[in-house]
Amino acid sequence: MKPVLLHPTYFPQPGVMACLLQREVVWEVWDNFQKQTFRNRCYICTDRGRLMLNIPIRHVGGTTGRQRYREVEPDNSYPWQRQHWRTLETAYRSAPFFEYYEAELRPLFETAPQSLLEWNLESTILLCDLLGIPFPEQVSWDFQESPTGVTDGRHLVLAKGSPDPNQPPYHQVFEDRHGFIPGVSTLDLLFNEGPAALDYIQNLKISVGA
């Protein structure tokens with residue numbers, strides 16, 4: 001089975017974590033940055049439903065307007081890290097396992113990252129540590145429109161479209177108000193299911209090709 005080529009994303013969804021656990025993964029690090037993707041956003045569940053956490057980025061000029069993903073810098077002139085953490089606290093303070101993971105997650109939100117790519121890798125490393133999943137170290141050597149030798153899973157970075165309606169449900173804090181909300185960050189799974197989150201990811205079916 002070929003390795004899967006994935007984009008590093010901000011606190012990725014359970015489907016991405018399942019790829020990390022069930023397949024060999026190569027990180028795409030040579031592509032251009034694109035808006036409307038999970039590169040600088042993730043979703044969580046709140047009392048009002050699905051909510052986006054967005055990382056503001058510093059925009060660059062130039063004739064093409066394009067910028068390598070690895071060169072993109074978060075706009076730290078706005079305290080987005082503090083806002084994201086406070087939003088997580090408000091949304092998940094009553095979740096069964098928020099306090100269990102709080103001390104390990106909080107320090108990440110007390111930093112001012114200079115690289116969006118590195119921040120996303122750090123968020124994924126932290127999720128892997130908390131779940132007990134080995135973090136894949138292999139990265140791409142160059143950009144290929146149609147990569148060979150790997151299964152192209154880069155489409156998973158796209159934030160447009162509806163979440164997978166077939167994602168198996170698990171307990172969520174506000175499910176009595178909204179029912180099960182799919183397509184949110186693995187943080188939601190972790191805060192609600194704790195150590196059982198690993199079993200969920202192990203049994204999650206992924207469809208990125210052979």
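Just so it is clear, the values below take in all heavy atoms, side chains as well, and ignore hydrogens, waters and symmetry mates. The shown structure was predicted, so the numbers you read here are calculated from the model rather than taken from an experiment.
- Residues Glu102 and Glu99 are in side-chain contact: their nearest non-hydrogen atoms beyond the backbone lie under 4.5 Å apart.
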Could you please spell out the steps behind the side-chain contact (heavy atoms from CB on, under 4.5 Å) verdict for Arg68 and Asn32? CA-CA 4 Å; Arg68 293 281 191 185; Asn32 288 328; 3.9 Å; yes
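- Within the 4.5 Å cutoff, side-chain heavy atoms of Leu53 are placed close to those of Leu88.
- Residues Phe180 and Tyr170 bring their aromatic ring centres within 6.0 Å.
- Minimum interatomic distance between Ser140 and Val29 (heavy atoms only, all atoms of both residues): OG-N, 3.1 Å.
- When the side chains of ILVMFWY residues are joined at heavy-atom separations under 4.5 Å, either directly or via intervening members, Phe11 and Met52 end up in a single hydrophobic cluster.
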Applying salt bridge (charged side-chain N to carboxylate O under 4.0 Å, His left out), run through Glu71 and Arg58 and close with a yes or a no. CA-CA 10 Å; Glu71 298 170 352; Arg58 295 181 59 186; over 6 Å; no
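- Of the possible donor and acceptor atoms, one in the side chain of Trp27 sits under 3.5 Å from a partner among the backbone N and O of Pro136.
- Remark: Arg106 CZ to Gln81 CD distance equals 14.0 Å, nearest 0.5 Å.
- For the atom pair Asp31 CG and Gln144 CD, the distance stands at 12.5 Å (nearest 0.5 Å).
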Test side-chain contact (heavy atoms from CB on, under 4.5 Å) applied to Val184 and Arg50, step by step: CA-CA 8 Å; Val184 294; Arg50 193 168 180 251; 4.2 Å; yes
Quick one, Leu131 with Leu21, criterion side-chain contact (heavy atoms from CB on, under 4.5 Å). Give me CA distance, side-chain angles, the key distance, then yes/no. CA-CA 10 Å; Leu131 289 164; Leu21 182 63; over 6 Å; no
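- In terms of modelled atom types and a separation under 3.5 Å, the side chain of Gln22 and the main chain of Ile201 share a donor-acceptor contact.
- Counting only distance, with no hydrogens or angles, the side chain of Glu28 and the backbone of Asp152 share no donor-acceptor pair below 3.5 Å.
- Between Tyr101 and Phe191, the ring-plane angle classifies as tilted under the 30° and 60° cut-offs.
- The two residues Thr46 and Ala91 come nearest to each other via the heavy atoms CG2-CB, 4.0 Å.
- Among all heavy-atom pairs drawn from Asn192 and Ala95, the shortest one is OD1-CB, 4.1 Å.
- Although no hydrogens or angles enter the test, the distance criterion places a donor-acceptor pair under 3.5 Å between the side chain of Tyr92 and the main chain of Cys45.
- Aromatic ring centroids of Trp85 and Phe98 lie under 6.0 Å apart.
- Residues Leu108 and Ser123 share a closest heavy-atom pair of CD2-CA, 4.0 Å.
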Would you check, one step at a time, whether the test side chain to side chain donor-acceptor pair (under 3.5 Å) holds for Tyr69 with Asn120? CA-CA 11 Å; Tyr69 180 15; Asn120 287 341; 2.7 Å; yes
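- Contact annotation: the side chain of Asp164 never approaches that of Pro182 to less than 4.5 Å [non-hydrogen atoms, C-beta and beyond].
- Annotation for Phe97 and Leu190: closest pair CB-O, 3.7 Å, computed over non-hydrogen atoms.
- A donor-acceptor pair shorter than 3.5 Å can be found between the side chains of Arg39 and Thr37.
- The closest side-chain heavy-atom distance from Arg41 to Gln36 is below 4.5 Å.
- Between Thr151 and Arg23, the shortest heavy-atom contact is OG1-NH2, 3.6 Å.
- Under the 4.5 Å side-chain criterion, counting only non-hydrogen atoms from C-beta, Glu73 is not in contact with Gln67.
- Formation of a donor-acceptor pair under 3.5 Å by the Ser185 side chain with backbone atoms of Ile44 is not found in this model.
- Dense packing is recorded around CZ of Phe143, with more than 12 heavy atoms of other residues, nucleotides or ligands lying under 6.0 Å away.
- Under the side chain to side chain donor-acceptor pair (under 3.5 Å) criterion, the residue pairs touching residues 8-20 are Tyr10-His84, with sequence neighbours excluded.
- Contact check for Leu130 versus Leu105: side-chain heavy atoms found under the 4.5 Å cut-off.
- A donor-acceptor distance shorter than 3.5 angstrom exists from the side chain of Asn76 to the backbone of Pro113, with no hydrogens or angles considered.
- Under a hydrophobic-cluster definition in which Ile, Leu, Val, Met, Phe, Trp and Tyr are linked whenever side-chain heavy atoms come within less than 4.5 Å, directly or via other members, Ile57 and Val157 are assigned to different clusters.
- Contact annotation: the side chain of Phe38 never approaches that of Pro12 to less than 4.5 Å [non-hydrogen atoms, C-beta and beyond].
- Partner of Leu127 under the side chain to side chain contact (heavy atoms under 4.5 Å, CB included) criterion, out of Leu189, Leu187, Ile133: Leu187 alone.
- Considering Arg177, His171, His178 as possible partners of Glu175, the one that fulfils the side chain to side chain donor-acceptor pair (under 3.5 Å) test is His171.
- There is no path of hydrophobic side-chain contacts, each under 4.5 Å, that joins Ile55 to Leu158.
- Put simply, the side chain of Cys128 reaches to within 4.5 Å of the side chain of Met17, judged on heavy atoms.
- The aromatic rings of Phe109 and Trp119 sit perpendicular to each other, their planes meeting at more than 60°, with 30° as the lower class boundary.
- In this structure a side-chain-to-backbone donor-acceptor pair under 3.5 Å is present from Gln172 to Ile181.
- A cation-pi arrangement is present between Arg70 and Trp30, with the terminal nitrogen or guanidinium carbon under 6.0 Å from the aromatic centre and inside a 45° cone about the axis.
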Applying side-chain contact (heavy atoms from CB on, under 4.5 Å) to Leu20 and Thr124, what does each step give before you reach the verdict? CA-CA 10 Å; Leu20 270 57; Thr124 307; 3.8 Å; yes
